[in-house]
Chemist: 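This is the structure, below, for whatever I ask next.
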Amino acid sequence: MSDSYTPPLDDLRFVLNKVLDYGRLFSLPAYSHADSELADAVLNEAARFTSGVLGPINAVGDEHGSRLENGRVITPPGFREAYRRFVEGGWPGLDLPVVHGGQSLPLTLQASCAEMVNGACVSFGMLPLMERGATRLLIAHAPQAIVAAYAPRLVSGEWGATICISEAQAGSDVGRITTRAAPRPDGSYALSGSKIFITYGDQDFTEQIAHMVLARIPGAPPGTRGLSLFLVPSRLLGADGSLGAVNSVSVTRVEHKMGLKASPTCVLNFDGATGFLIGKENAGLKAMFTMVNTMRLEVAVQGVAVASAATAKALRYAAERPQGGPPEGKAAMLIEHADIRRMLYTMRARTEAMRALVLETAFNLDLAQAGPNEQRAAALALAEWLLPVCKACCSEAGFEVANLAVQVFGGHGYVADAGVEQYVRDSRVMSIYEGANGIQALDLVTRKLTPDGGQRYELFVARIRADLDRCSGQAGLLAIWNALSEALAKLDAATKTMLARLGGQAGTVRDAEAGASAYLALVGLVGGGWMWLRMASVAADTPEKTEKQAVARFYAEYLLPEAQVLAARAVIGAACLDTLDNDLLATP
Ligand SMILES: Cc1cc2nc3c(=O)[nH]c(=O)nc-3n(C[C@H](O)[C@H](O)[C@H](O)COP(=O)(O)OP(=O)(O)OC[C@H]3O[C@@H](n4cnc5c(N)ncnc54)[C@H](O)[C@@H]3O)c2cc1C
């Protein structure tokens, strides 16, 4: 059972076709080379590939892990072959531009396929994710010669990539990065320093790795304003673009960690390594955000993917495991017990809500880039609002749903054979990397809510109100309609307090920060309710009606009441956190 993966094709199609009506995208000039039929064939093929090729290596990867041997990383059995087939299938460049060898398909479709890749094996999915992020970054910010040399080979998957931000003293606080970049007469730079936690910092899939590195040039201002971005290839290129000398980048350690054991997490040393400036000096962090934002969306996808895979296993197990019931006669199945049903409903309700929210975000990013001119700004603003919410709420849903799956399996879930405890371990880091969830909450409150006086928030709320108006009085939606309306009112009140505090009235910025995580969770809870309203509404005339409306009702009656607690926590203020000074708090 541990290596089986059943792709959630029906659920993905339900969201794509019925909730988002994403076929609309194919009438836009940017996607007119494709159509819904082609997109559906891509989904089918992704399902076949992920269940047939990636599912079977997931447990093997967990068991063997990646290791360091003679200064090079060796990945677990089966990973190289799987990567070769992934590349052969053209998967790395699904949403990347045709001019660089990609397929220019919508991000919404890419995210759907990425759910299947990560549902089958998250450790595998980490590398293509970075290749996509690095490609987007180079296309947006690199000189033309670098784009021409690197983009096609990253898009095809021939070359790998990394993102090199973290250092021992610079985690969330990237302004403390100390890696140095000394200019050379030929226009290149010599990079020296040590980066930690670098995913796929080395691997045995590709002959070249393009490291995207944040570093400081001499005389740079302190903090994030003094960071520049460099491309540091693992091998230098000859004049004809062929691979030449090995660059001075070495792996000194591969971490032993809780999960994602097949994905090598490396310490990388740069010892006068040759690097090329991407974008302008001291403007590196802004440029790096092209890559970071691509990755944040996919970390959200990872969370949904794990939640979905864990839910599928738990549902099957609960339907087949006899336990309880009268001592004589037929035993009951787990799925019949009220407490097990509570967990299964919770798993479905959270997973499906978060999947719809992530795909809604991807859809808006597609519209922001390729939609009609008059829709682009609003689509971008909504996607910017939803991105930190998706990153944090989906990563938490991934872990918590996986944890519930273990509970449904009981002791059989705690031992390795069922393959559900791996989901718990693999998903734990999703709340930490790509900006820890606490940092996402601060980002939402201080950068997405405030600078434009709450306009992104107003847009989000306006969309929800429009759907509430549209669905008013619709049969079967009363519970979700009422609960969502109430939760939205609580969010509105909390938002007013947040804005007042951030504006210096009715409290302080520290008060706002104290409530930021609860505020983000509240936005995510309401966002999930919005998705369930839409799912239950469009299911009305479909075979999915009964199940979607039942799960929507559960979300309304069991999960949405949490809005009350979250709203209270969002405005609690810092006083209750600041009663003890640091010494007293730290004294056990
Ligand atoms: C498996 C794995 C893979 C990774 N891959 C990469 C990679 O490929 N490239 C890369 O560059 N990095 C990578 N990272 C590093 C990752 O991005 C960092 O771990 C993350 O940014 C957090 O930094 P930190 O671990 O130093 O924690 P810290 O920054 O020390 O944070 C610890 C806790 O404090 C909180 N915190 C920190 N500052 C504040 C603040 N100002 N206000 C409120 N709370 C705060 C955080 O939310 C967190 O909960 C990876 C990490 C792991 C574990």
Side-chain angles (χ1 to χ4, degrees), residues 61-62 65-66 73 118 122-134 137 160-179 193-203 209-215 223-224 227 229-230 232 249 251 253-268 270 284-285 288-289 291-292 294-296 298-299 302 388 391-392 395-396 398-399 425-447 509-520 574 577-578:
D62 187 51
S66 282
V73 167
N118 287 296
V122 190
S123 281
F124 179 90
M126 300 289 285
L127 181 60
L129 160 61
M130 282 181 302
E131 291 163 359
R132 288 180 52 250
L137 185 160
T162 69
I163 182 166
C164 298
I165 300 177
S166 303
E167 298 179 6
Q169 76 296 341
S172 306
D173 190 358
V174 298
R176 295 187 186 278
I177 284 174
T178 59
T179 296
S194 184
K195 296 284 180 182
I196 65 167
F197 294 152
I198 305 307
T199 298
Y200 279 99
D202 187 32
Q203 30 83 0
I209 302 175
H211 301 292
M212 304 295 153
V213 187
L214 283 179
T224 53
L227 294 175
L229 175 62
F230 299 88
V232 182
V249 185
V251 188
R253 182 185 160 93
V254 171
E255 304 294 345
H256 293 273
K257 53 194 194 295
M258 179 179 181
L260 294 187
K261 289 174 187 281
S263 162
T265 306
C266 305
V267 174
L268 277 192
F270 297 83
L285 187 61
M288 188 64 121
F289 259 84
M291 184 164 184
V292 167
T294 302
M295 296 182 69
R296 282 188 179 166
E298 193 146 318
V299 173
Q302 290 178 349
K391 193 280 170 184
S395 57
E396 264 159 38
F399 176 70
R425 290 183 289 102
D426 281 354
S427 60
R428 183 60 188 87
V429 72
M430 294 169 192
S431 302
I432 298 171
Y433 60 25
E434 276 322 308
N437 285 0
I439 304 299
Q440 302 298 322
L442 294 179
D443 176 56
L444 181 73
V445 166
T446 59
R447 282 195 283 273
V509 172
R510 188 168 170 80
D511 289 320
E513 288 176 355
S517 283
Y519 181 77
L520 181 146
L577 303 174
D578 289 341

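The figures that follow rest on heavy atoms only: side chains count, while hydrogens, waters and symmetry mates do not. When a ligand or atom number is given, it counts from 1 through the structure's own listing order. Here the structure is a predicted model, which means the values were calculated and not measured.
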Chemist: Could you tell me whether atom 5 (N) of ligand 1 has at least one protein heavy atom nearer than 4.0 Å?
Modeler: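 Given the 4.0 Å cut-off, atom 5 (N) of ligand 1 counts as touching protein heavy atoms.
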Chemist: Look only at interatomic distance and state if Gly435 has a nitrogen or oxygen under 3.5 Å from any nitrogen or oxygen of ligand 1.
Modeler: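 The answer is no, given that Gly435 and ligand 1 share no N or O pair closer than 3.5 Å.
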Chemist: With a 4.0 Å cut-off on heavy atoms, is Thr162 in contact with ligand 1?
Modeler: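 Thr162: no contact with ligand 1 (<4.0 Å).
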Chemist: Which heavy atom of the protein is the closest neighbour of atom 52 (C) of ligand 1, given with residue, atom name and distance?
Modeler: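 Minimum-distance protein heavy atom for atom 52 (C) of ligand 1 reads Val429 CG2, 3.9 Å.
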Chemist: In terms of residue, atom name and distance, what is the protein heavy atom nearest to atom 32 (C) of ligand 1?
Modeler: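 Going atom by atom, the protein heavy atom closest to atom 32 (C) of ligand 1 ends up being Ser172 OG, 5.0 Å.
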Chemist: My understanding is that only residues two or more places apart in sequence, or in another chain, count here; which of them pass ring-ring contact (aromatic ring centres under 6.0 Å, His included) with Phe270?
Modeler: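 Once residues adjacent in sequence are excluded, Phe270 has no partner under the ring-ring contact (aromatic ring centres under 6.0 Å, His included) criterion.
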Chemist: Give me the nearest non-hydrogen protein atom to atom 20 (C) of ligand 1 as residue plus atom name, then the distance to 0.1 Å.
Modeler: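 Checked against all protein heavy atoms, atom 20 (C) of ligand 1 sits closest to Ile432 O, 3.7 Å.
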Chemist: Taking both backbone and side-chain atoms of Met130, is any N or O found less than 3.5 Å from an N or O belonging to ligand 1?
Modeler: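 There is no such contact.
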Chemist: For atom 42 (N) of ligand 1, what is the closest protein heavy atom, and at what distance to 0.1 Å?
Modeler: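 Checking every protein heavy atom, the shortest distance to atom 42 (N) of ligand 1 gives Leu442 CD1, 3.6 Å.
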Chemist: Quick check on Thr265 - does any of its heavy atoms sit under 4.0 Å from an atom of ligand 1?
Modeler: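 Within the 4.0 Å threshold, so yes.
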Chemist: Could an N or O of ligand 1 be found under 3.5 Å from any N or O of Lys257, whether backbone or side chain?
Modeler: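 No; the residue has no nitrogen or oxygen that sits under 3.5 Å from a nitrogen or oxygen of the ligand.
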Chemist: What is the nearest protein non-hydrogen atom to atom 15 (C) of ligand 1, stated with its residue, atom name and distance?
Modeler: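 The protein heavy atom lying closest is Ser166 OG, 3.2 Å.
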Chemist: Any non-hydrogen protein atom below 4.0 Å of atom 34 (O) of ligand 1?
Modeler: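 No, there is no protein heavy atom closer to it than 4.0 Å.
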Chemist: Taking the side chain as every heavy atom from C-beta outward, state whether Lys257 and Arg425 have any atom pair closer than 4.5 Å.
Modeler: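 No - every pair of side-chain heavy atoms lies 4.5 Å or more apart.
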Chemist: Can you find a heavy atom in the side chain of Thr179 that is under 4.5 Å from one in the side chain of Leu214?
Modeler: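 Sidechains of Leu214 and Thr179: no contact.
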Chemist: Just which atoms of ligand 1 are under 4.0 Å from any heavy atom in Thr199?
Modeler: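 Numbered from 1, ligand 1 contributes 3 (C), 4 (C), 5 (N), 6 (C), 7 (C), 8 (O).
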Chemist: Identify the closest protein heavy atom to atom 48 (C) of ligand 1: which residue and atom is it, and at what distance?
Modeler: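 Ranked first by proximity to atom 48 (C) of ligand 1 is Ala436 CB, 4.1 Å.
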Chemist: Is the backbone of Glu434 close enough, under 3.5 Å, to the side chain of Arg296 for a donor and an acceptor to pair up by distance?
Modeler: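 Here the side-chain-to-backbone pair exists.
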Chemist: Using a 4.5 Å cut-off on heavy atoms from C-beta on, say whether the side chain of Arg510 contacts that of Asp578.
Modeler: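 Contact flag for Asp578/Arg510 side chains = yes.
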Chemist: Closer than 3.5 angstrom, by distance alone: can the side chain of Lys261 be matched with the main-chain N or O of Gly61 as a donor-acceptor pair?
Modeler: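 Not a single qualifying donor-acceptor pair exists.
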Chemist: Might you point out which heavy atoms bring Tyr200 and Ala262 nearest each other, and give the distance in Å?
Modeler: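 Nearest heavy atoms, Tyr200 then Ala262: OH-O, 4.1 Å.
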Chemist: Does atom 28 (P) of ligand 1 have any protein heavy atom closer than 4.0 Å?
Modeler: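 Yes.
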Chemist: Can you tell me which residue and heavy atom of the protein come closest to atom 24 (P) of ligand 1, and the distance to 0.1 Å?
Modeler: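 Closest protein heavy atom to atom 24 (P) of ligand 1: Gly171 CA, 3.9 Å.
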Chemist: Closest non-hydrogen protein atom to atom 40 (C) of ligand 1, residue and atom name please, with distance?
Modeler: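 The closest heavy atom on the protein side is Ile439 CD1, 4.0 Å.
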Chemist: Hey, does Ile209 have a side-chain heavy atom less than 4.5 Å from the side chain of Thr162?
Modeler: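 Yes, their side chains come closer than 4.5 Å.
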Chemist: Can a donor-acceptor pair be found, under 3.5 Å and without considering hydrogens, that links the side chain of Lys391 to the backbone of Gly435?
Modeler: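 Present.
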Chemist: Do you know the tightest heavy-atom contact between Glu396 and Ser431?
Modeler: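 In terms of heavy atoms, the two residues are closest at CG-OG, 3.9 Å.
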Chemist: Looking only at distances, can you tell me whether any N or O atom of Tyr433, backbone or side chain, sits closer than 3.5 Å to an N or O atom of ligand 1?
Modeler: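 Checking ligand 1 against Tyr433, no N or O pair falls under 3.5 Å apart.
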Chemist: Between the side chain of Glu167 and the main-chain N/O of Thr178, is any donor-acceptor distance below 3.5 Å?
Modeler: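 Yes; judged by distance alone, with no hydrogens or angles, the pair exists.
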